[in-house]
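Quick note on labels: first sequence line is chain A, next is B, and so on, each numbered from 1.
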Amino acid sequence: MSSREAILNRLRTYRQPKPSQPPQETASTTASAELNMAEKVRLFTENLHAAHAEVITATQEDWTQRLLSLWRETGVHSVIYAPNTPHGESLKSAAHEFPELQLQAYENSIESCKDALFNHIQGGFGTAMAGVAETGTLMVNTGPDEPRALSLVPPTHSLIIHAKDLYADLPEAFHQTQVESALPTNLLLISGPSKTADIQQTLAYGAHGPKRLIVVLIVTEESVRV
Amino acid sequence: MSRFEPATVNLEFDKRVDDALQDQELRANFRGAMDFLMGKRAAMFPDKEDLEALRSQGEAIRNRCLNQLPELLEQFEQRCTENGIQVHWAETSQEANAIILEIMHKHDATRMVKGKSMASEEIGLNHFLADHGVECLETDMGEYIVQLADETPSHIIMPAIHKNKQQIARLFNQKIDGVEYSEDVDRLIGIGRDVLRQKFFEAEVGLSGVNFAVAETGTLCLVENEGNGRMTTTIPPVHIALCGIEKVVESLRDIPPLLRLLTRSATGQAITTYFNMISGPRKPDEKDGPQEVHVVLLDNGRSRIYADKQLQETLRCIRCGACMNHCPVYTRIGGHAYGTTYPGPIGQVVSPQIWGLHTAGAITKACSLNGACGEACPVKIPLADLIRRLRYESNNNEPTPVPAPRGQGSLRKRSEAVTWKLWALLSRKPGLYKLALLLATRLRALTPKHIGPWTRYRSAPKPAARSLHELAAQRSQSNASSQEHGRHE
């Protein structure tokens with residue numbers, strides 16, 4: 001008998017009978033389900049700040065300028081980004097005014113750019129599909145246009161999210177985006193820069209992943225009106 | 001203590017506890033850390049009623065999933081296979097180690113980076129691979145520190161919690177080339193980051209644990225803050241996940257409440273920096289991610305635990321560590337004193353069941369049955385009850401209807417058994433009981449002065465001259481006669 005069969009047989013033999021009345025599983029876990037857009041924006045931003053992330057609240061018109069300026073001011077001069085995305089394209093066309101910036105498209109497999117990724121590139125830029133206000137969390141749907149390493153290897157990770165994609169809590173975000181019907185090979189929830197408290201409970205940022213997380217939050221008139 | 005040696009657990013337990021209690025630096029490190037973690041958790045659950053509702057929900061979800069475990073495992077296997085993840089089954093730690101080594105050999109791989117995995121500690125993977133010429137490097141900062149010091153983790157969530165920053169500064173200075181002594185935590189973490197980045201870059205295989213495995217979608221979920229888990233599962237061409245069979249949940253909807261309980265109970269965080277959900281290897285049009293993903297489903301005694309209705313509650317555990325943070329004994333003796341991979345209350349329940357009571361049953365002694373662990377447990381495992389049950393089974397030699405924990409009855413002592421039998425007999429026969437009391441009180445001068453270890457630190461107990469029964473009877477007699485007397489006056 002294979003190990004598989006031996007394990008499954010034992011589990012089947014000794015399974016406990018199902019309870020006749022399964023206990024209630026609902027818990028009133030969040031009061032955030034009823035939040036309006038402005039409240040979600042506020043809570044999302046607050047939580048990201050608390051997690052040591054930087055948030056640029058911008059509009060569809062000015063976000064490229066503001067992000068590129070922040071990179072220039074803070075010494076981020078080489079950035080890898082995902083092409084073939086609307087935001088990647090906008091970034092690329094706006095970058096002409098920032099000649100000192102080396103903007104590199106993540107076009108080929110990691111094997112061809114691993115050395116640059118680990119040793120030279122200072123920033124990664126990508127898109128979040130959704131956000132969770134309650135925890136200040138970004139949902140990143142990786143795939144051909146959103147490579148996994150973008151948000152992991154370069155020391156500064158920047159990503160863009162639209163206020164309309166914010167949800168009150170994680171159950172709502174999972175439900176509304178219907179992720180379970182089409183899970184990517186790697187779905188990520190990111191809630192700040194990499195950190196650790198493994199040395200005497202002292203918090204330090206930039207353990208293995210990005211030291212900085214810059215979130216560009218695109219708002220419209222409607223999303224900030226209370 | 002460079003590697004986990006199951007055979008030494010019972011034998012060296014008393015000595016380990018003694019040594020730990022004498023080590024003032026160690027005790028200060030644990031006291032500080034446990035107070036910190038308890039405070040962080042408490043701040044996350046301000047509303048007691050909400051917490052109770054959430055714990056009940058966690059308990060119900062885990063129970064529902066365990067109840068259909070065989071079906072969920074099969075479904076998980078099927079979905080994984082459809083997603084391109086290769087599934088392996090291991091009944092024992094030897095088998096799991098062999099499967100992992102074979103994958104290494106298939107790829108001619110000699111360099112492995114590891115994300116945090118207590119299951120890999122349980123099966124002794126690092127030393128097994130080292131013996132077969134594979135470099136196996138821990139990348140969680142705490143695990144890296146512990147590996148550098150040639151020790152084992154002392155806490156399941158914060159492996160290096162027994163060390164303070166001065167000790168870590170000395171360790172880095174001694175063990176890493178060209179590193180000067182510095183107590184600056186940012187600098188120490190920076191050093192670890194630089195060393196390990198190179199290793200992520202070079203490694204051929206990454207090995208991780210699994211926090212939750214989702215049956216419906218064939219997804220592996222990993223909870224972490226550092227990003228080493230993502231590095232391990234993203235950069236090397238091959239990813240192996242080691243997953244206890246009890247980790248499977250039914251659907252994605254079960255994840256948010258369990259994740260909520262896990263991070264809040266463990267480190268007092270509303271969520272960790274990364275929640276990494278892996279549902280397959282790199283697809284042809286993708287630019288990164290491992291080319292191969294393997295999951296090794298590990299039994300190693302879990303299906304035996306599953307057989308017993310009460311002990312099955314052990315398997316609800318989501319490995320948050322809150323029970324040890326709240327345990328007054330763990331706080332004083334620290335994780336290494338237990339001598340097992342899993343320390344603290346959950347360790348006292350899991351370890352004797354995995355390695356047998358004859359090997360690790362003695363650690364159930366280190367419990368005052370105060371119940372703080374069970375109150376903190378996010379999935380309501382009645383830890384104190386289970387510890388008491390295992391103490392009972394250590395001494396029980398009656399057959400049980402389902403497979404008993406290995407080593408049942410192995411700590412039974414004939415003298416102790418006879419004493420308790422006698423006690424039970426006396427308590428059932430009033431005549432005998434009275435006779436025994438009479439002998440004990442009248443012959444109290446003959447009570448021994450030295451009774452084993454009891455009198456090493458305490459004076460020997462001595463029965464009173466008259467039993468409580470006698471005194472009470474006397475008093476009611478004299479009351480009655482004085483009342484009688486009063487009436488006549």
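When heavy atoms are compared at a cutoff of 4.5 Å, Arg302(B) does not approach chain A at all. Only the side chain of Thr137(A) has a heavy atom closer than 4.5 Å to any heavy atom of chain B. Contacts of Ala53(A) with chain B are absent, with no heavy-atom separation under 4.5 Å from either backbone or side chain. Contacts of Ser181(A) with chain B are absent, with no heavy-atom separation under 4.5 Å from either backbone or side chain. Of the two parts of Ala51(A), neither the backbone nor the side chain holds a non-hydrogen atom closer than 4.5 Å to a non-hydrogen atom of chain B. For Phe174(A), the part lying near chain B is the side chain, with the backbone staying farther off; criterion is any non-hydrogen pair under 4.5 Å. Contact annotation for Val153(A): both backbone and side-chain heavy atoms come within less than 4.5 Å of a heavy atom of chain B. Proximity to chain B (any heavy atom under 4.5 Å) is shown, for Asn9(A), by neither the backbone nor the side chain.
Defined by atom type and a distance below 3.5 Å, a donor-acceptor pair is present between the side-chain atoms of Ser151(A) and Arg230(B).
Judged by distance alone, the side chain of Arg12(A) and the main-chain N or O of Glu71(B) form no donor-acceptor pair under 3.5 Å. Looking only at distances, a side-chain donor or acceptor of Lys114(A) sits under 3.5 Å from a matching main-chain atom of Phe201(B). Between the Asp288(B) side chain and the Ser109(A) main chain, no donor and acceptor come within less than 3.5 Å of each other. Judged by distance alone, the side chain of Lys195(A) and the main-chain N or O of Glu226(B) form no donor-acceptor pair under 3.5 Å. Remark: the backbone N or O of Thr139(B) is paired with a side-chain donor or acceptor of His208(A) at under 3.5 angstrom. Side chain of Thr273(B) to backbone of Ser191(A): no donor-acceptor contact under 3.5 angstrom is found. Checked by atom type and distance alone, the side chain of Asp198(A) never pairs as donor or acceptor with a backbone atom of Pro159(B) at under 3.5 Å.
Judged by a 6.0 Å distance limit and a 45° cone about the ring axis, Arg10(A) is not positioned over the six-membered ring of Tyr306(B).
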